[in-house]
A.B. asks: 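Questions regarding the structure given below will be posed in turn.
We name chains A, B, ... by the order of the sequence lines, and we start the count at 1 in each one.
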Protein chains: 2
Amino acid sequence: MQDSGEGMETDGTSWIGAAPGGPGGRPVLRLEAFLPYRLSVLANTISHAVAEAYRERFGLTVPEWRVMATLGEFDGPGAAVTANAVAAHTAMDKVQVSRAISRMIQAGLVARVTDPGDRRRSILTLTEAGRGIYERIVPAALDYERRLVAGLSETERACLARLIDTLTDRATQTAPPREVGAEGP
Amino acid sequence: MQDSGEGMETDGTSWIGAAPGGPGGRPVLRLEAFLPYRLSVLANTISHAVAEAYRERFGLTVPEWRVMATLGEFDGPGAAVTANAVAAHTAMDKVQVSRAISRMIQAGLVARVTDPGDRRRSILTLTEAGRGIYERIVPAALDYERRLVAGLSETERACLARLIDTLTDRATQTAPPREVGAEGP
DNA sequence: TGAGATTAGTTTCATATGAAACCAATTCCA
DNA sequence: TGGAATTGGTTTCATATGAAACTAATCTCA
């Protein structure tokens, strides 16, 4: 049995996007309380700040930074990071990864050698210069993150971590918006 | 006195992006635990699902949907919603709003009349057709939102609402990443 | 084997985006 | 007044993006 059923939960403090005026009245949605919108604004705000800083201070785009973060975390002797692995780890598509990598090779930040065992693949590593930038960015990035969450209690931080996990899972499983009550195609 | 000083808080469950290997060791950042990255992935996942659904079912882009949501919420007799007001309310820039509006006028979803009191401005309203779509989208959007948060407890939902608020505030106030220890320009 | 299916990665093309320049109407003051 | 500064909104231009087509290497299995 579902708790609290289908009932409206718009108690005024809830951020659920519905406003009074339920079934029968004119349907209303408060954009400023609508989860997809709120999350998008939050993520974009952060992303913009980060992108501008990386561009200005380190000459990197966000996709490039993500490639760098992946290589910084995993490359080196014994590892064999491919473009595909980067794409999987960064949630970027392979086109974006391919472009980021080729720019970084141009810039001398990344080295690429064909995998002798499978000549479709290339193994990617940070160059000396690349790792130099990586080691400058990481503290800045962690510091920024720390300042972002500085006002949150330990409990809230834990909650945040869990919420992001849960929602990310659900977002991949939840069917997209469709007309309520409409039958399938 | 700062609490807990500069000490690492990476207890293994925290999502703070740092990994063991602190000062002195090689600096490491786990992208998959890094807040800006996590939020970006979450927001993009939701945004993609929503965008695809709006496009396919209603022929709208996300910026267009946001314009529609704003007009649906505020337009009508007595109100005077301008492009500027839409931009402010949707956190989009004026270029994006201008383009969304002109497409929607083309499509017959939005009407625009010059404000007689200030002929730089135009007052925007949903047409009959526009409101028709709005009234079909809103229930679908609210239903999607409800399904997204279906697994969360009431406490978690409240926490989510507050966290998004707090973080959005902080994100606009927090200085962007800069090299730790570096002096200003 | 070797022809079709698969996988890694790149290129193409059409669209989306945003910063900056722009136009027009309005406001500000000397 | 009347010109400079401001505001509302659009256009331009250069870049970013992603879906789909493409190339090349590898795998599959009849």
A.B. asks: Quickly work out the Ile101(B) CD1 to dT10(D) C1' distance and round it to whole Å.
C.D. replies: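 Distance, rounded to whole Å: 11 Å.
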A.B. asks: Taking any heavy-atom pair under 4.0 Å as a contact, classify Ser122(A): base, sugar-phosphate, or nothing.
C.D. replies: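 Since only primed, P, OP1 and OP2 atoms lie under 4.0 Å of Ser122(A), the category is sugar-phosphate.
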A.B. asks: Do Leu152(A) and Leu160(A) make a side-chain contact, defined as non-hydrogen atoms from C-beta onward lying under 4.5 Å apart?
C.D. replies: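 Heavy-atom side-chain distance check passes, below 4.5 Å.
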A.B. asks: Output, in order, the C-alpha distance, side-chain angles, deciding distance and verdict of side-chain contact (heavy atoms from CB on, under 4.5 Å) for Arg136(B) and Arg57(B).
C.D. replies: CA-CA 10 Å; Arg136(B) 284 165 57 208; Arg57(B) 315 242 168 209; 5.9 Å; no
A.B. asks: Considering all heavy atoms of both residues, which atom of Trp65(A) and which atom of Leu60(A) are nearest to each other, and what is their separation?
C.D. replies: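 It is CA-CD1, 4.3 Å.
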A.B. asks: So which heavy atom on Tyr134(B) is nearest to which on Ala69(B), and how close?
C.D. replies: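 Nearest heavy atoms, Tyr134(B) then Ala69(B): CE1-CA, 3.9 Å.
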A.B. asks: So does Asp143(B) pair up with Arg147(B), basic N to acidic O under 4.0 Å?
C.D. replies: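 Yes, this pair counts.
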A.B. asks: Looking at DNA chain C, which of residues 77-91 of chain A put a heavy atom within less than 4.0 Å of it?
C.D. replies: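 Result for residues 77-91 of chain A: Thr82(A), Ala83(A), Asn84(A), sorted by number.
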A.B. asks: Which letters describe nucleotides 15-28 of chain D, given B = protein heavy atom under 4.0 Å from base, S = only from sugar-phosphate, - = neither?
C.D. replies: --BBBB----BS--
A.B. asks: Out of the candidates Asp75(B), Thr127(B), Leu71(B), only one should pair with Val110(B) under the side-chain contact (heavy atoms from CB on, under 4.5 Å) rule; please name it.
C.D. replies: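 When Asp75(B), Thr127(B), Leu71(B) are each tested with Val110(B), the side-chain contact (heavy atoms from CB on, under 4.5 Å) holds only for Leu71(B).
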A.B. asks: At what angle, to 10 degrees, do the two end axes of the helix from dT1(C)-dA30(D) to dA30(C)-dT1(D) meet, given five pairs define each axis?
C.D. replies: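 Nearest ten degrees gives 0° for this helix.
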A.B. asks: Side-chain atoms of residues 42-52 of chain A: list all donor-acceptor pairs with protein atoms under 3.5 Å, sequence neighbours left out, distances to 0.1 Å.
C.D. replies:
{"unit_1": "Asn44(A)", "atom_1": "ND2", "unit_2": "Ser40(A)", "atom_2": "O", "d": "3.3"}
{"unit_1": "Thr45(A)", "atom_1": "OG1", "unit_2": "Val41(A)", "atom_2": "O", "d": "2.7"}
{"unit_1": "His48(A)", "atom_1": "ND1", "unit_2": "Asn44(A)", "atom_2": "O", "d": "3.4"}
{"unit_1": "Glu52(A)", "atom_1": "OE1", "unit_2": "Arg55(A)", "atom_2": "NE", "d": "3.4"}
{"unit_1": "Glu52(A)", "atom_1": "OE1", "unit_2": "Arg55(A)", "atom_2": "NH2", "d": "3.4"}
{"unit_1": "Glu52(A)", "atom_1": "OE2", "unit_2": "Arg55(A)", "atom_2": "NH2", "d": "3.0"}

A.B. asks: Which residues, ordered by chain and number, are linked to Val113(A) in its hydrophobic cluster, where ILVMFWY side chains connect at heavy-atom gaps below 4.5 Å, directly or through other members?
C.D. replies: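 Hydrophobic cluster check, Val113(A): joined to Ile123(A).
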A.B. asks: List the atom pairs, donor and acceptor, that lie under 3.5 Å between side-chain atoms in residues 86-107 of chain B and the rest of the protein, sequence neighbours left out.
C.D. replies:
{"unit_1": "His89(B)", "atom_1": "ND1", "unit_2": "Thr70(B)", "atom_2": "OG1", "d": "3.3"}
{"unit_1": "His89(B)", "atom_1": "NE2", "unit_2": "Glu32(A)", "atom_2": "OE1", "d": "3.0"}
{"unit_1": "Thr90(B)", "atom_1": "OG1", "unit_2": "Val86(B)", "atom_2": "O", "d": "2.7"}
{"unit_1": "Thr90(B)", "atom_1": "OG1", "unit_2": "Ala87(B)", "atom_2": "O", "d": "3.4"}
{"unit_1": "Thr90(B)", "atom_1": "OG1", "unit_2": "Met92(B)", "atom_2": "N", "d": "3.4"}
{"unit_1": "Asp93(B)", "atom_1": "OD1", "unit_2": "Val95(B)", "atom_2": "N", "d": "3.0"}
{"unit_1": "Asp93(B)", "atom_1": "OD1", "unit_2": "Gln96(B)", "atom_2": "N", "d": "2.9"}
{"unit_1": "Ser102(B)", "atom_1": "OG", "unit_2": "Arg99(B)", "atom_2": "O", "d": "3.1"}
{"unit_1": "Arg103(B)", "atom_1": "NE", "unit_2": "Glu64(B)", "atom_2": "OE2", "d": "2.5"}

A.B. asks: Given dG9(C), is OP1 or OP2 found less than 4.0 Å from the side-chain N or O atoms of Ser98(A)?
C.D. replies: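 Negative; the distance criterion is not met.
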A.B. asks: Tell me whether Asp115(A) is salt-bridged to Arg120(A), with the criterion being a basic N under 4.0 Å from an acidic carboxylate O.
C.D. replies: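 Looking at Asp115(A) and Arg120(A), the cut-off is not met.
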